[in-house]
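Reckoned from all heavy atoms, side chains included, excluding hydrogens, waters and symmetry mates.
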Amino acid sequence: MTLNTTSRALHDLGLSAWFGGTLANAVALNAAAGEADLAGNKGAVANVGWDRWTPVNAAAIGAHLVGSLGQLAGNKDRVAAQQGVGSMVVAKTALTAAALGATAYSRALGNRVAQHTHVPVESGTQPADQTPTGVAQAQKRLAVLQWVVPALTGALVVVSSFAGEQQRAVAQRQGIVQRLLPGS
């Protein structure tokens, strides 16, 4: 088996940053924005934080995708030969697509909120009574999505761990035997 250290590192570091950054922002940044002194500054604080995170997140996602493609290319023979690996690849691809979609939608909603920097809000994802309707709707959706992205990327971490277990020699032997001799 070929050593794929670079693609594995890109895959893992990118996914780790994507997961960890969005989780940290959901746990800390959005709530911390609510601590600003003036209601009109709370959204601005959250916007600055998310705007700073966006290019790092984009680089992390890019690294993860490049690493994923490298891992797939490096393991193409095993994907074809070992029972269960193909379905794991399909699951990872579906989770990645869902995480990308949720991330893109979150960013679009974040941009909508960021256009109204100094409106009264309770926190980064909680509107105030005086928050304009469009901003309030976007914030309510972001309140859900801030947890969806880490949940999806966390699921990717779990599936990636399972994929690593599939690479053990004993798992490879069993998977190839099962593929060649169904029912064994």
Checking Trp53 against Leu29 for the side chain to side chain contact (heavy atoms under 4.5 Å, CB included) test, could you report, in this order, the C-alpha distance in whole Å, the side-chain angles of both residues, the deciding distance, and whether it holds? CA-CA 11 Å; Trp53 170 243; Leu29 175 64; over 6 Å; no
In residues 126-136, what donor-acceptor pairs under 3.5 Å come from side-chain atoms, sequence neighbours left out?
from: Thr131; atom 1: OG1; to: Pro120; atom 2: O; distance (Å): 2.4
from: Thr131; atom 1: OG1; to: Ala128; atom 2: N; distance (Å): 2.7
from: Thr131; atom 1: OG1; to: Ala128; atom 2: O; distance (Å): 3.2

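- Residues His64 and Leu10 have side chains not in contact (no heavy-atom distance under 4.5 Å, counting atoms from C-beta outward).
- In this structure a side-chain-to-backbone donor-acceptor pair under 3.5 Å is missing from Lys42 to Ser123.
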Name every donor-acceptor pair, under 3.5 Å, that has one atom in a side chain of residues 142-158 and the other anywhere in the protein, sequence neighbours excluded.
from: Gln146; atom 1: OE1; to: Asn30; atom 2: ND2; distance (Å): 2.6
from: Gln146; atom 1: NE2; to: Ala143; atom 2: O; distance (Å): 3.4
from: Thr153; atom 1: OG1; to: Val149; atom 2: O; distance (Å): 2.9
from: Thr153; atom 1: OG1; to: Pro150; atom 2: O; distance (Å): 3.3

Verdict with supporting geometry, Thr103 and Thr22, side chain to side chain contact (heavy atoms under 4.5 Å, CB included): CA-CA 9 Å; Thr103 299; Thr22 53; 5.7 Å; no
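- Under the 4.5 Å side-chain heavy-atom criterion for Ile, Leu, Val, Met, Phe, Trp and Tyr, Val89 and Leu69 are members of distinct hydrophobic clusters.
- Arg112 places a side-chain heavy atom less than 4.5 Å from the side chain of Arg141.
- Side-chain atoms of Val85 and Met88, non-hydrogen and from C-beta on, do get closer than 4.5 Å to each other.
- Contact record, Ala163 with Arg78: O-NH2, 4.4 Å, taken as the closest heavy-atom pair.
- Between Asp12 atom CG and Thr5 atom OG1 the span is 11.0 Å, to the nearest 0.5 Å.
- For the pair Ala63 and Gly14, the tightest heavy-atom approach, listed with the atom from each and the gap, is CB-CA, 4.2 Å.
- To the nearest 0.5 angstrom, Leu109 atom CG is 13.5 Å from Lys140 atom NZ.
- No continuous path of hydrophobic side-chain contacts links Trp50 to Leu100 [ILVMFWY only; heavy atoms under 4.5 Å].
- In terms of hydrophobic clustering, with Ile, Leu, Val, Met, Phe, Trp and Tyr side chains grouped at heavy-atom distances under 4.5 Å, Leu15 and Leu23 are assigned to different clusters.
- The minimum heavy-atom distance between His11 and Ser160, with the atom names listed, is CE1-OG, 3.2 Å.
- The cluster map of Ile, Leu, Val, Met, Phe, Trp and Tyr, joined by side-chain heavy atoms under 4.5 Å apart, puts Phe162 and Leu95 in the same cluster.
- Rounding to the nearest 0.5 Å places OG1 of Thr6 at 10.0 Å from CD of Gln71.
- Annotation: the span from Asn57 atom CG to Arg107 atom CZ amounts to 9.5 Å, rounded to 0.5 Å.
- To the nearest 0.5 Å, the span separating CH2 on Trp18 from OG1 on Thr96 amounts to 6.0 Å.
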